[in-house]
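Here's the structure, in structure tokens; my notes come after.
Keep in mind the model is a prediction, meaning the values are calculated, not measured.
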Amino acid sequence: IWIASNGSTGSSNITVKNANFRFSTRNQQLTLLTGVYSGNNGIGGNNSISVQENTAANSNISIINNEMFNVKDGININGSATTSISPTGWKIQGNKIGTTVTAEKPVRGIYVSNALNYEISGNTLSGIRNTENQGNDCAAIVLLGTSNGTISSNIINDIVNTQHNNGTASAGIFVKTTATTNISNNIISNVYNTTADSNDYNFYNKASSIFVSSGSVTNIYYNTLIASGAPNGTSRASCLYIAGGSGINVKNNIFINTQANEQYAVFNNGGTFGQISNNDYYVTNSANNFLNRIGSTLYAGTTAGTVPASWNSAASDSNSRNILPTFTSATDYHLQDVTANNNLTAVAITGITTDFDGDTRVKPYMGADEVLKCVPTGDQTSFGNNTWTGYVYRMASNAALPPNVAYPALPSSTIATYIGTVTENKEFDRNVGTGAITGTTTNFACDAAPSDRFFVRYKMRTTITEAGLFSFDLGRDGGNRRFG
């Protein structure tokens with residue numbers, strides 16, 4: 001699809017949705033074969049698109065829920081640097097760009113030049129491969145010129161540059177702008193160059209999850225970056241590589257570099273940090289699993305599990321960590337609700353209240369994924385209405401029996417942990433025996449029903465209209481599973 005300006009008239013208010021884009025023959029050399037292209041309406045040789053920036057703004061364009069492969073670029077916005085006619089208000093959401101078929105992989109996923117107030121969110125960019133040595137930056141997302149906007153909640157994976165030392169960048173996200181770029185809640189992994197390279201100079205070509213070349217402000221918040229995939233002979237690649245730019249704010253990210261040889265979590269080679277804090281750095285093949293770099297100076301770990309003071313001082317970093325998170329799997333980078341992840345404490349950032357999946361940030365955690373704590377069913381205080389609501393507690397291993405809980409106070413966490421409810425009819429006879437606690441209904445969202453060291457607090461509110469004396473009996477079968 002070609003979205004073109006015509007003289008002083010731009011194309012606006014267009015939605016491209018739920019379509020499949022695939023050319024019959026993959027792009028070769030400089031031929032521009034793009035799923036969606038925006039620029040001028042000039043015609044080049046052989047009736048091809050003349051690659052010219054727009055002469056009027058192509059604005060308010062939505063590209064939603066499309067699939068693109070066997071193209072050079074999935075989406076290419078070729079805008080004018082003149083602010084009055086720059087394209088603005090593009091929304092690129094929920095698209096799938098790339099493929100597992102090597103011969104049909106795009107060179108780039110999304111190419112954005114001089115576009116204002118764009119939003120790139122919820123896309124899966126996986127299976128991008130530059131096989132043509134034609135001056136192309138190989139990246140899932142390329143941002144150039146005066147472009148400003150937000151990149152959030154994207155999956156970026158399997159971004160491969162087969163060209164070596166061709167003077168172009170290899171990256172998941174490549175930022176080379178003069179404006180503000182907001183990068184948050186993205187999961188980026190497996191970005192690499194296929195040629196083994198141990199040189200100490202051509203860092204742009206070694207592949208980085210995020211590569212910042214320039215920009216007035218670049219906000220990098222709540223991302224999970226996994227540097228992986230490089231050949232064994234490659235060294236000095238980074239999760240985050242910075243070659244220039246100012247106001248680079250880096251907070252609440254997880255940086256993990258699992259590649260062999262000398263590798264970095266963060267390498268600042270010419271930019272200026274703004275605020276940097278609450279990040280997790282973990283480099284597998286480094287002493288004490290920590291190695292960052294500023295210019296030619298290395299900052300290595302001195303104590304396992306600790307960010308070295310030298311790095312904190314040089315980068316003005318604070319509250320960062322050096323731990324290996326526990327993820328769902330080797331390819332699924334959602335955090336697990338385990339003790340090992342408890343120290344991944346982030347700092348709240350205005351405007352970012354949800355995670356990669358749209359779940360509310362509560363703690364919040366570092367990285368793209370917020371751990372969702374399971375909340376047991378029931379509020380522990382409400383009465384059943386003419387039926388019994390039983391609040392079930394698992395006894396602490398060192399708590400004395402019977403539990404000493406004075407109604408109406410709730411059990412202390414030092415005595416027991418609340419795990420859910422059972423319900424019973426107004427009159428009931430429940431023989432648990434040696435089995436797990438059960439009821440007419442059982443509601444254990446976070447834990448299995450216990451069979452030992454537990455107690456239940458039954459509560460019911462009912463109306464008794466008959467006059468007289470009433471007695472309430474609690475019975476047991478001779479075991480030790482009742483406390484009055």
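- Classification of the Phe267-Phe203 ring pair by plane angle, with boundaries at 30° and 60°, yields perpendicular.
- When all heavy atoms of Leu240 and Val212 are compared, the closest pair comes out as CD1-CG2, 4.4 Å.
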Take Gln52 and Asn40 through the test side chain to side chain donor-acceptor pair (under 3.5 Å) and record every step on the way to the result.
-> CA-CA 5 Å; Gln52 299 173 352; Asn40 195 11; 3.1 Å; yes
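- Judged by distance alone, the side chains of Thr124 and Ser126 never bring a donor and an acceptor atom under 3.5 Å apart.
- With 3.5 Å as the limit, one finds a donor-acceptor pair spanning the side chains of Tyr282 and Asn289.
- A donor atom on one side chain and an acceptor atom on the other are found under 3.5 Å apart for Asn269 and Tyr241.
- With hydrogens and angles ignored, the 3.5 Å screen pairs no side-chain donor or acceptor of Gln259 with any backbone N or O of Ala237.
- Of the residues Asp158, Thr100, Asn70, Val160, the one that meets the side-chain contact (heavy atoms from CB on, under 4.5 Å) test with Lys105 is Asp158.
- Under 3.5 Å, the side chains of Asn261 and Ser235 contain no donor-acceptor pair of N or O atoms.
- Residues Tyr111 and Leu144 have side chains in contact (heavy-atom distance under 4.5 Å, counting atoms from C-beta outward).
- Side chains of Asn219 and Asn182: a donor on one and an acceptor on the other come within 3.5 Å.
- Exactly one of Ile210, Ile151, Ile220, Ile155 qualifies for a side-chain contact (heavy atoms from CB on, under 4.5 Å) with Asn186. That residue is Ile151.
- Below 30°, between 30° and 60°, or above 60°: for Trp311 and Phe273 the angle between ring planes is above 60°, a perpendicular geometry.
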Start with the C-alpha distance between Asp359 and Thr354, add both sets of side-chain angles, then the distance that settles side chain to side chain contact (heavy atoms under 4.5 Å, CB included), and finish with yes or no.
-> CA-CA 5 Å; Asp359 297 322; Thr354 59; over 6 Å; no
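- Residue Tyr391 is tested with Asp379, Leu410, Thr381, Ile419 for a side-chain contact (heavy atoms from CB on, under 4.5 Å); the sole match is Asp379.
- Checked by atom type, the side-chain pair Ser113/Glu53 shows no donor-acceptor distance below 3.5 Å.
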May I have the step-by-step check of salt bridge (charged side-chain N to carboxylate O under 4.0 Å, His left out) for Asp200 and Arg236, ending in yes or no?
-> CA-CA 7 Å; Asp200 194 21; Arg236 303 180 177 90; 3.3 Å; yes
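- Defined by atom type and a distance below 3.5 Å, a donor-acceptor pair is present between the side-chain atoms of Asn202 and Asp197.
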